[in-house]
Amino acid sequence: MFFGTQLDLVLVFFIVILGRTIDMSLASMRTVFIVKNKPLFAAPFGFVEAFFWFMIVKAALDYHIDNPIVDTITLAIAYSLGFALGTLLGGILSKQFIKSKIHVQIVLSSKNDAVIKELREKGFGQTIITAMGSNRNMETYMIFVETNSDKLKQLRAIIDTMDKKAFVSVSESKSVYNGFFGPARK
């Protein structure tokens, strides 16, 4: 048995929270790797996740319960809190460490060649289409950009600075073939 006295309830409480937070963070990252079709990255996360889950459950089951209602509710709260914190942390870590390709559609509020030039100078490959807005009979540009998710903040800053009224739509690309990625070619 890992724990035995009532003083240990506080220790078990925090061990369960910490272990479940780690377990769920790994589960979130494993899930993202599976969705992104990277099972070789997901497998080690699954192994460590299962190990932590087993150890947490063992610690909780080995705990000597003196007060069944209070002790059980306390451990359930710890388990649930760790689950929630792990889900939050896993989402944050996944976003930081698991990058993806994104597709950005930008419809400028007016024809603005400076935006196109700035995007090109900052290394964003683009496809430009002349478009007509439905509310106005004015030509504008629709710009398609494929880039890495970690460059979205930079791309948004350029668009926000140069055309505050631009319509921007961002979606994750399942796969991308050919095309241009990287610094602008001279």
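Start at 1 with the first residue, then count along the sequence.
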Exercise for review: Under the side-chain hydrogen bond (donor to acceptor under 3.5 Å, both in side chains) rule, collect the residues that match up with Lys117, sequence neighbours excluded.
Suggested key: none
Review point. Got a sec, which residues hit side-chain hydrogen bond (donor to acceptor under 3.5 Å, both in side chains) with Tyr79, two or more places apart in sequence or on another chain?
Key: Arg20, Trp53
Between [X] and [Y], what is the shortest heavy-atom contact and its length?
X      : Y      : result
Thr72  : Pro68  : OG1-O, 2.5 Å
Gly86  : Ser28  : O-OG, 4.1 Å
Leu93  : Ser25  : CD1-CB, 4.5 Å
Ser110 : Met138 : CB-SD, 4.3 Å
Ile56  : Gly19  : CD1-C, 2.9 Å
Ser100 : Glu172 : CB-OE2, 3.1 Å

Side-chain heavy-atom pair [X], [Y] within 4.5 angstrom cut-off:
X      : Y      : value
Lys101 : Thr147 : no
Phe52  : Val48  : yes
Ser94  : Ile92  : no
Ile102 : Glu146 : no
Lys151 : Phe124 : yes

Nearest 0.5 Å, what's the [atom1]-[atom2] distance between [X] and [Y]?
X      : Y      : atom1 : atom2 : result
Gln154 : Asn148 : CD    : CG    : 11.0 Å
Lys111 : Ile128 : NZ    : CD1   : 11.0 Å
Ile143 : Leu108 : CD1   : CG    : 4.0 Å
Leu81  : Thr21  : CG    : OG1   : 6.5 Å
Leu119 : Lys122 : CG    : NZ    : 10.0 Å

Review point. For the hydrophobic clusters of this structure (ILVMFWY residues joined by side-chain heavy atoms under 4.5 Å, transitively), does one cluster hold both Phe47 and Phe45?
Key: yes
Review point. So, the side chain of Gln126 versus the backbone of Ile116: is there a donor-acceptor pair under 3.5 Å, distance only?
Key: yes
Exercise for review: Using a strict cut-off of less than 4.0 Å between a Lys/Arg side-chain nitrogen and an Asp/Glu carboxylate oxygen, indicate whether Arg30 and Glu49 qualify as a salt bridge.
Suggested key: yes
Point to revise | Residues that Lys95 engages under salt bridge (charged side-chain N to carboxylate O under 4.0 Å, His left out), provided they are two or more places apart | key: none
Would you tabulate the side-chain donor-acceptor contacts of residues 155-166 under 3.5 Å, counting partners in other chains and residues two or more places apart, or write 'none'?
unit_1	atom_1	unit_2	atom_2	d
Thr161	OG1	Ala157	O	2.7
Asp163	OD1	Ser109	OG	2.7
Asp163	OD1	Lys165	N	3.2
Asp163	OD1	Ala166	N	3.3
Asp163	OD2	Ser109	N	2.8
Asp163	OD2	Ser109	OG	3.1
Lys164	NZ	Asp160	O	3.4

**Study point:** Partners meeting ring-ring contact (aromatic ring centres under 6.0 Å, His included) with Phe41 (sequence neighbours left out)
**Key:** Phe33
**Study point:** With sequence neighbours excluded, residues passing ring-ring contact (aromatic ring centres under 6.0 Å, His included) with Phe144
**Key:** His103
**Study point:** side chain to side chain donor-acceptor pair (under 3.5 Å) between Glu139 and Thr130, worked out
**Key:** CA-CA 7 Å; Glu139 279 190 349; Thr130 301; 5.3 Å; no
